[in-house]
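One structure below.
Basis for what follows: all heavy atoms, side chains included, without hydrogens, waters or symmetry-related copies.
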Amino acid sequence: MKIEFYDRAGGDYNSSDLLGEWVETILDGDTTDTDWTQHSLQAIAPEGAVEARLVFSFLQPDNQAGAAWIDAATLTLTDNGTQLAQVTG
């Protein structure tokens, strides 16, 4: 799970449009298919950010088997003097 920040709407990930990203691993090869866990990720938007993206990446090196279920994810912008993006789900 990660939050990416861009300096323009629709910016490209592999370019200078990406200002920063905050990443948390929420499952791995040891996670069973019956585990449901709550996760939260908070990030302060870098100066100049105009877009935030919530991203779930499922990486399978060597085409390993696996699955992930994501339920009720929310992305919230909190303005308390800083731009704080928070994901819960």
Separation between CD of Glu4 and CG of Leu54, rounded to the nearest 0.5 Å: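 One gets 9.5 Å once the value is rounded to the nearest 0.5 Å.
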Interatomic distance, Ser57 atom OG to Met1 atom CE [nearest 0.5 angstrom]: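 Here the rounded value is 11.5 Å.
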So which heavy atom on [X] is nearest to which on [Y], and how close?
{"X": "Leu75", "Y": "Ile3", "answer": "CD1-CD1, 4.3 Å"}
{"X": "Leu27", "Y": "Ala68", "answer": "CD2-CB, 3.8 Å"}
{"X": "Ser16", "Y": "Asp7", "answer": "O-OD2, 3.9 Å"}

Candidate pair Glu51 and Arg8, rule side-chain contact (heavy atoms from CB on, under 4.5 Å), full reasoning: CA-CA 6 Å; Glu51 181 177 79; Arg8 67 182 186 92; over 6 Å; no
Qualifying residues under side-chain hydrogen bond (donor to acceptor under 3.5 Å, both in side chains), relative to Ser15, sequence neighbours excluded: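 Ser15 satisfies side-chain hydrogen bond (donor to acceptor under 3.5 Å, both in side chains) with Asp17 once adjacent residues are dropped.
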For Glu21, side-chain hydrogen bond (donor to acceptor under 3.5 Å, both in side chains) partners two or more places apart: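 Expected list: Lys2, Tyr13.
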Do the side chains of [X] and [Y] join up, straight or via other hydrophobic residues, at under 4.5 Å, putting them in one cluster?
{"X": "Phe56", "Y": "Phe5", "answer": "yes"}
{"X": "Val23", "Y": "Ile44", "answer": "no"}
{"X": "Ile70", "Y": "Leu41", "answer": "yes"}

Worked check of side-chain contact (heavy atoms from CB on, under 4.5 Å) between Leu18 and Tyr6: CA-CA 5 Å; Leu18 178 68; Tyr6 293 86; 3.8 Å; yes
